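Following: one structure in structure tokens, then a few remarks.
In what follows, residues are counted from 1 in the order of the sequence shown. Computed from a predicted structure; not experimentally measured.
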Amino acid sequence: MSEPVNVKILDREYTVGVEPGEREGLTAAAHLLDARMREIRGGNRMATIDRVAVLAALNLAHELLQLRSQSEQRDQALNQTLGELNRKLDGLFDAAR
């Protein structure tokens, strides 16, 4: 059952339903989004909230894709290293027989 949580983003309050145990994560996400939107808006108070929100979402999505790509590259390198270690261990076991 979800529970309502109030978050404030660019001085506007929003109520969002979250599952128990997710409140802290939602609050952290709201703080991150608020900070990013304030950074993008900067001193330009005339920028529409829609434009600021889209630019913040685009920046966060770009960062997410970069992190996913880095994670995939690390996974591939780890799998390659593990494969090489397994081959070496197999070679050692075969030589010991």
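Contact of the E13 side chain with the V7 side chain is not registered, since no non-hydrogen atoms from C-beta on lie closer than 4.5 Å.
Minimum heavy-atom separation, L55 to I40: C-CD1, 3.7 Å. Smallest separation of non-hydrogen atoms from R41 and V52: CB-CG2, 4.1 Å. The shortest heavy-atom contact between M37 and A56 is CG-CB, 3.6 Å. Heavy-atom minimum distance, G17 versus S2: C-CB, 4.1 Å.
A search for salt bridge (charged side-chain N to carboxylate O under 4.0 Å, His left out) contacts involving E63 returns R36, not counting sequence neighbours.
Put simply, CD on E3 and CD on E22 are 9.5 Å apart, with the number rounded to the nearest 0.5 Å. Here the CG atom belonging to L85 is positioned 11.0 Å from the CD atom belonging to Q80, to the nearest 0.5 angstrom. Going from atom NE2 of H31 over to atom CG of L33 covers 11.5 Å, rounded to the nearest 0.5 Å. Going from atom CG of L82 over to atom CZ of R87 covers 10.5 Å, rounded to the nearest 0.5 Å. Between the CD1 atom of I9 and the CD1 atom of I49 there is a distance of 8.5 Å, given to the nearest 0.5 Å. For the atom pair CG (L60) and CG (L65), the distance works out to 11.0 Å, reported to the nearest 0.5 Å.
Heavy atoms from other residues, nucleotides or ligands lying under 6.0 Å from CD of Q66 number more than 12. Residue Y14 qualifies as enclosed at atom OH: its count of foreign heavy atoms under 6.0 Å is above 12.
Cluster annotation: L10 and V54 are assigned to distinct hydrophobic clusters (Ile/Leu/Val/Met/Phe/Trp/Tyr, side-chain heavy-atom contacts under 4.5 Å, transitive).
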Pair R38, D11 - check salt bridge (Lys or Arg N to Asp or Glu O under 4.0 Å), show working. CA-CA 10 Å; R38 288 179 187 282; D11 302 322; 3.0 Å; yes
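With hydrogens and angles disregarded, no donor-acceptor distance shorter than 3.5 Å links the side chain of D34 to the backbone of A30. A donor-acceptor pair under 3.5 Å links the side-chain atoms of T27 to the main chain of R23, judged by distance alone.
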